[in-house]
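Residue numbers begin at 1 in each chain, while the letters A, B, ... track the order of the sequences. Quick note: numbers below take in every heavy atom, side chains included, and nothing from hydrogens, waters or symmetry partners.
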Amino acid sequence: MADSKQRILIQLDSSPHASVFDAVTAIDAGADRLLQYGGIEPDQVRELIHGAMFTRGLDELKNTAVFVGGPSVEASERILEAVKHSFFGPFRVSVLFDANGANTTASAAVLAAERECGGSLKDVPVAVMGATGPVGHRVARLLCGLGARVAVGSRSRDRAAALAESLDQTLGARAEPFAADDLAQVLGGRAVVIAAGAAGVRLMPRDLWRGLESLKVIIDLNAVPPLGVEGVEATDKSTSKGNVKAWGALGVGGLKMKIHKRSIQELFTSNDKVLDVEQVLEIGRRLEPPPLIPRS
Amino acid sequence: MADSKQRILIQLDSSPHASVFDAVTAIDAGADRLLQYGGIEPDQVRELIHGAMFTRGLDELKNTAVFVGGPSVEASERILEAVKHSFFGPFRVSVLFDANGANTTASAAVLAAERECGGSLKDVPVAVMGATGPVGHRVARLLCGLGARVAVGSRSRDRAAALAESLDQTLGARAEPFAADDLAQVLGGRAVVIAAGAAGVRLMPRDLWRGLESLKVIIDLNAVPPLGVEGVEATDKSTSKGNVKAWGALGVGGLKMKIHKRSIQELFTSNDKVLDVEQVLEIGRRLEPPPLIPRS
Amino acid sequence: MADSKQRILIQLDSSPHASVFDAVTAIDAGADRLLQYGGIEPDQVRELIHGAMFTRGLDELKNTAVFVGGPSVEASERILEAVKHSFFGPFRVSVLFDANGANTTASAAVLAAERECGGSLKDVPVAVMGATGPVGHRVARLLCGLGARVAVGSRSRDRAAALAESLDQTLGARAEPFAADDLAQVLGGRAVVIAAGAAGVRLMPRDLWRGLESLKVIIDLNAVPPLGVEGVEATDKSTSKGNVKAWGALGVGGLKMKIHKRSIQELFTSNDKVLDVEQVLEIGRRLEPPPLIPRS
């Protein structure tokens with residue numbers, strides 16, 4: 001009987017209408033049943049999660065899981081906290097956090113960079129543009145965790161500095177803050193640039209990166225023209241541009257989708273997983289066959 | 001893998017709670033998964049539709065489709081427009097519009113009339129009562145497209161005239177407007193009368209149509225007593241009343257349900273269909289076996 | 001074709017988000033499809049129920065059913081009334097009422113008491129604490145119907161008296177009202193005590209019941225510490241405490257879940273069932289194999 005339980009995914013979303021994107025992806029990942037909840041406020045979470053915790057036996061509880069999404073990463077983070085606080089003792093269900101696609105996108109970008117760098121980002125100098133946005137923040141967090149030498153950029157130097165301070169306090173990592181205006185100086189000696197700015201905003205003109213000796217990889221996560229990095233196309237996927245391998249948003253997107261689906265599937269393997277960006281990165285790394293076959 | 005994708009129908013509805021009627025019909029038509037969204041505002045549509053467009057490959061996208069319904073045809077038309085504006089290039093999903101059941105009901109009524117008239121309404125004189133309502137409007141639109149000689153009636157002569165003007169501008173069709181008070185005069189020479197008025201409102205007393213030489217077909221779409229046409233029963237289905245073949249709302253309803261389900265199924269045959277009333281009529285006409293076996 | 005229809009359960013809930021508990025239970029009971037509706041107001045019910053009544057043939061209509069739930073029993077009772085008023089003639093669908101789990105919980109508690117008393121509660125003296133709450137009210141109602149000699153207690157003597165009056169008027173039953181302060185006197189001679197008070201509220205200290213000659217069964221439905229009856233554990237399930245057999249909330253909960261699921265399944269056996277607490281009790285009684293194997 002335990003084996004025949006349907007895999008139920010509970011979709012909690014802060015926007016009035018729970019995301020279609022997340023719903024279709026969950027279905028394609030194998031969720032047998034989807035319970036969609038939009039307009040979720042943190043104080044409504046406990047009752048819903050208790051309903052998940054107390055309807056199936058502990059040995060069957062891995063077949064019930066929670067997805068926390070929504071357009072606002074901050075609003076969804078409060079929902080995630082409420083989910084985690086609803087658990088007690090062995091009564092818990094697995095949960096995946098991917099508000100605004102930030103965790104799966106950041107993981108895909110970092111994995112792409114890692115593969116291009118021969119499998120490790122340890123001590124690799126990386127610049128993250130748009131690092132104070134939801135995706136950029138997670139890219140920086142992952143890079144710090146992997147031991148890269150990270151510079152975090154923002155239009156506002158103060159916001160960049162605040163992010164570096166936060167990374168120091170939470171991860172003990174030393175990130176170098178920079179303002180967008182100082183990009184040219186920061187680029188010197190960088191092997192990887194990841195652009196995670198707002199949609200439709202150009203962050204780096206071609207002149208700035210063409211001919212940079214040290215640069216090996218550019219990843220631009222903006223899919224809406226004008227793209228973040230001039231000279232990179234949205235469909236680029238390990239595309240050679242001189243000495244640089246370029247990835248555009250759609251190129252990264254294929255890997256992101258694989259990671260997203262695999263993370264959903266991972267939820268249903270036990271009832272105690274909390275999949276935030278670090279866990280999602282590891283899930284992406286274990287994807288078989290290797291998702292990245294560079295094309296030049 | 002492409003063939004094994006679940007058929008997902010996204011139900012967009014302007015009322016706070018998405019229609020149960022449309023949901024059950026979609027399930028019975030074969031939608032594997034239903035994502036119900038009530039309380040939809042046009043400005044919320046793009047994000048939802050993009051979620052449909054960007055989660056599956058182009059070759060699989062025919063397995064994702066959209067149903068636009070709701071009690072207010074006008075509100076739902078704005079939703080439909082927003083759906084169509086969300087598409088770009090090959091990125092699109094098929095969509096069926098059937099707010100208030102207007103498209104499937106109008107198509108069923110017109111098909112019933114067409115069959116009773118030997119398979120064509122070309123040059124057939126038809127009077128549509130309640131033509132300015134959502135169903136009547138679509139009945140008139142279809143009849144004009146099929147080349148019938150159409151008179152469009154309303155309680156208000158001005159509204160009837162405005163409808164005729166609109167049919168002229170959009171279809172180049174010459175419909176004759178009439179006020180309900182002038183029904184007796186308009187009926188002279190008519191072969192078909194279709195009553196599409198409000199529920200529970202009597203539009204035509206028996207004396208007005210009994211003995212009319214020219215009249216062959218009466219279709220009354222009102223299911224709530226008093227019915228629209230005195231002497232026609234809701235269950236009439238090609239029922240002989242003297243020289244007239246009569247159809248009531250339930251008699252038409254069986255065909256309407258078949259057309260509704262077949263239209264849902266049609267959505268999943270490609271990713272580029274926009275099924276409004278003209279397309280729905282054609283789907284109804286192709287139904288096999290012929291849906292109308294007259295019973296007298 | 002009729003046999004192949006999917007079993008659709010329509011979940012109507014007065015809270016903004018339809019209960020996850022009820023949803024998962026419905027899925028595990030075998031509902032093929034679940035249409036969840038939260039934030040339901042009574043005046044929205046007719047349209048939804050008509051959509052259930054008019055989409056399938058009468059011979060198939062047993063495959064469409066309604067569940068009325070929600071945290072407020074009173075709000076949900078108004079929804080249930082609206083559901084019943086939407087039916088006419090043979091056009092109806094089966095409906096289960098279990099707002100706040102009150103019907104299934106009360107049925108499980110009464111069945112546990114009945115089994116402990118040798119299969120009948122006729123003339124058995126029972127005290128119900130917290131009898132004016134939603135579960136306690138239903139426990140009292142069931143006990144009166146089974147011919148027990150019932151005392152109904154509340155913190156307020158007036159509310160207890162009003163309940164006794166109501167049981168007299170609706171069932172012609174003579175229940176004895178008592179205030180919580182008079183519990184000690186009422187306990188004398190009681191064979192069964194059922195505590196249905198608010199979560200986390202102690203209703204009966206150990207000294208009051210230890211050593212009572214007549215007492216055979218204590219059932220405490222409060223799962224949140226401090227429990228309602230001192231000396232009873234939430235996990236007790238026919239556990240011997242001296243001469244008394246004790247049941248806690250989790251002990252009763254297993255039976256409650258079986259009754260809940262069996263009641264969902266019962267909905268799909270015909271289209272004319274209205275399952276309120278008396279019907280749910282009978283469903284529980286028919287559960288095979290006998291759900292209660294006392295463990296001491």
B:Phe54 versus A:Phe21, closest heavy-atom pair with distance: O-CE1, 3.7 Å
Part of B:Ile49 lying under 4.5 Å from any heavy atom of chain A: neither
Which atoms of B:Leu48 approach chain A - backbone, side chain, both or neither, heavy atom under 4.5 Å: both
Pairwise side-chain contact, A:Asp28 with B:Thr55, heavy-atom cut-off 4.5 Å (strictly under): no
Are there over 12 heavy-atom neighbours, none belonging to A:Arg262, within less than 6.0 Å of that residue's CZ? yes
Among residues 91-100 of chain B, those lying within the under-4.5 Å heavy-atom range of chain A are none
Members of residues 30-38 of chain B whose heavy atoms come closer than 4.5 Å to chain A: B:Arg33, B:Leu35, B:Gln36, B:Tyr37, B:Gly38
Looking only at A:Met257, A:His17, A:His260, most heavy-atom pairs under 4.5 Å shared with chain B are made by A:His17
B:Glu47/A:Val20 under side chain to side chain contact (heavy atoms under 4.5 Å, CB included): CA gap, chis, key distance, verdict: CA-CA 8 Å; B:Glu47 180 69 19; A:Val20 167; over 6 Å; no
One should read off an interatomic distance between A:Ser15 OG and B:Gln44 CD, to the nearest 0.5 angstrom, of 8.5 Å
Could you measure the distance from the CD1 atom of A:Ile27 to the CZ atom of B:Arg56? Nearest 0.5 Å is fine. 7.0 Å
Under 4.5 Å from a heavy atom of chain B, the part of A:Pro16 involved: side chain
